[in-house]
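One structure is given here, and the rest of the page talks about it.
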Amino acid sequence: IRHVAAHEIGHAVVAAVLGARVHEVFVQREYDTSASAQVAGAAVVQTRETRRDYQWHLDRVAHILGGMAAEQMVYGAHTDGVIVDLSEATNLLTYALSTVGMGETLVSDGHRDPAALLNARQFDPRLRQRVEDILQDQAVRARDILERNRSAFHELVERLAARCRLDGEEVHAVVSGFAQPQLSLAI
């Protein structure tokens, strides 16, 4: 349960720091690791209500990769439980770069479905490499956010592991409560 808690809190902390609204985070107390279709937990997050520009997409990808970054920070590696997160982040970036003109071209075939996005990456090696580069950058960004908010992260993991459900307001309060004050130099 602690492993799943760390993963889900990773999503929640990164999302909260990037300005998204965390509604709740939960983990299943009884989880069968052999059942492939079972949900072990989730962070229910509402993205920032703003223009869905390139930065919005990067923030969303960082938040999606927050669970994997948390596993790597705590356990030194991630598990195969990140498959859905990686697929979602990959498709979101492919969509942004190849469908809505946020990449190196304004050419768009209107791809939205996962199969078409996969085909776009398969037939355009530059697009595939660009998606990979951004995924790597955003994974590092998510890890950096978690490292800077390590105390809040660990506190929330403990609470979630003990209670199996946290309200979003509690998540935001803990992240804010542990936030490092920004130094300002006035001359």
Side-chain angles (χ1 to χ4, degrees), residues 1 3-28 31-48 52-105 107-146 160:
I1 196 167
H3 189 98
V4 176
H7 180 99
E8 298 307 336
I9 291 299
H11 288 302
V13 168
V14 173
V17 168
L18 293 176
R21 185 85 196 128
V22 179
H23 289 284
E24 72 173 315
V25 186
F26 68 88
V27 294
Q28 299 294 336
Y31 175 66
D32 179 6
T33 57
S34 66
S36 61
Q38 186 177 2
V39 174
V44 181
V45 174
Q46 178 181 348
T47 56
R48 282 183 296 116
R52 290 177 63 153
D53 59 8
Y54 185 64
Q55 188 60 53
W56 183 94
H57 284 82
L58 292 179
D59 290 351
R60 176 85 174 108
V61 168
H63 141 234
I64 293 168
L65 297 178
M68 181 181 76
E71 289 185 37
Q72 292 170 344
M73 183 176 80
V74 174
Y75 301 105
H78 63 272
T79 64
D80 61 358
V82 302
I83 187 171
V84 172
D85 296 339
L86 289 174
S87 178
E88 182 180 358
T90 299
N91 284 336
L92 180 62
L93 278 175
T94 304
Y95 171 77
L97 296 175
S98 71
T99 302
V100 294
M102 294 180 183
E104 297 172 351
T105 180
V107 173
S108 175
D109 292 321
H111 302 307
R112 288 183 178 261
D113 65 281
L117 295 171
L118 172 63
N119 284 337
R121 286 190 306 275
Q122 286 178 332
F123 292 113
D124 186 346
R126 286 186 7 202
L127 172 64
R128 182 177 181 82
Q129 187 59 54
R130 183 75 179 122
V131 169
E132 171 65 20
D133 292 344
I134 296 170
L135 286 170
Q136 294 290 343
D137 290 346
Q138 294 310 303
V140 169
R141 182 176 177 220
R143 174 75 179 261
D144 290 344
I145 289 168
L146 292 172
L160 184 58

Original post:
Does the side chain of Arg48 reach to within under 4.5 Å of the side chain of Leu18, using non-hydrogen atoms?
Top reply: no
**OP:** Quick one: pull up CD in Gln138 and CD1 in Ile145 and give me the separation to the nearest 0.5 Å.
**Re:** 8.0 Å
Original post:
What pair of heavy atoms forms the shortest contact from Ala139 to Ala69, and how long is it?
Top reply: O-CB, 4.2 Å
Original post:
Looking at His63 and Ala15, what are the two nearest heavy atoms and their distance?
Top reply: CD2-CB, 3.6 Å
Original post:
Roughly how far, to the nearest 0.5 Å, is the CG atom of Leu58 from the CG atom of Asp53?
Top reply: 9.0 Å
**OP:** Can you measure from OG1 (Thr90) to CZ (Arg128) and round to the nearest 0.5 angstrom?
**Re:** 8.5 Å
**OP:** Answer yes or no: is there a donor N or O on one side and an acceptor on the other, between the side chain of His23 and the main chain of Val45, under 3.5 Å?
**Re:** no
**OP:** Starting at CG of Leu160, measure out to CD1 of Ile9 and round the result to the nearest 0.5 Å.
**Re:** 4.5 Å
**OP:** Could you pull out the closest heavy-atom pair between Leu65 and Ala89, with the gap in Å?
**Re:** CD2-CB, 4.1 Å
Original post:
Does Arg126 come within less than 4.0 Å of Asp133, counting only side-chain N to carboxylate O?
Top reply: no
Original post:
Just wondering, do Tyr54 and Leu97 contact through their side chains at under 4.5 Å, heavy atoms?
Top reply: yes
**OP:** Answer yes or no: is there a side-chain heavy-atom contact under 4.5 Å between Glu132 and Gln129?
**Re:** yes
Original post:
Got a second to check how far His3's NE2 is from Glu71's CD, nearest 0.5 Å?
Top reply: 3.5 Å
Original post:
Would you call Glu88 and Arg60 a side-chain contact if the rule is heavy atoms closer than 4.5 Å?
Top reply: yes
Original post:
Counting N and O atoms only, with roles assigned by atom type, does the side chain of Ser87 sit under 3.5 Å from a partner on the main chain of Ile83, one being a donor and the other an acceptor?
Top reply: no
**OP:** Side-chain contact test, heavy atoms from C-beta onward, threshold under 4.5 Å: evaluate it for Asp59 versus Arg141 and give yes or no.
**Re:** yes
**OP:** Taking Gln28 for its side chain and Ala40 for its backbone only, find out whether a donor-acceptor pair lies under 3.5 Å.
**Re:** no
Original post:
Distance from Leu135 atom CG to Thr94 atom OG1, nearest 0.5 Å?
Top reply: 8.0 Å
Original post:
Taking atom types as modelled and ignoring hydrogens, do the side chains of His11 and His7 form a donor-acceptor contact shorter than 3.5 angstrom?
Top reply: yes
**OP:** Please check if atom CZ in Arg21 has more than 12 non-hydrogen atoms from other residues, nucleotides or ligands closer than 6.0 Å.
**Re:** yes
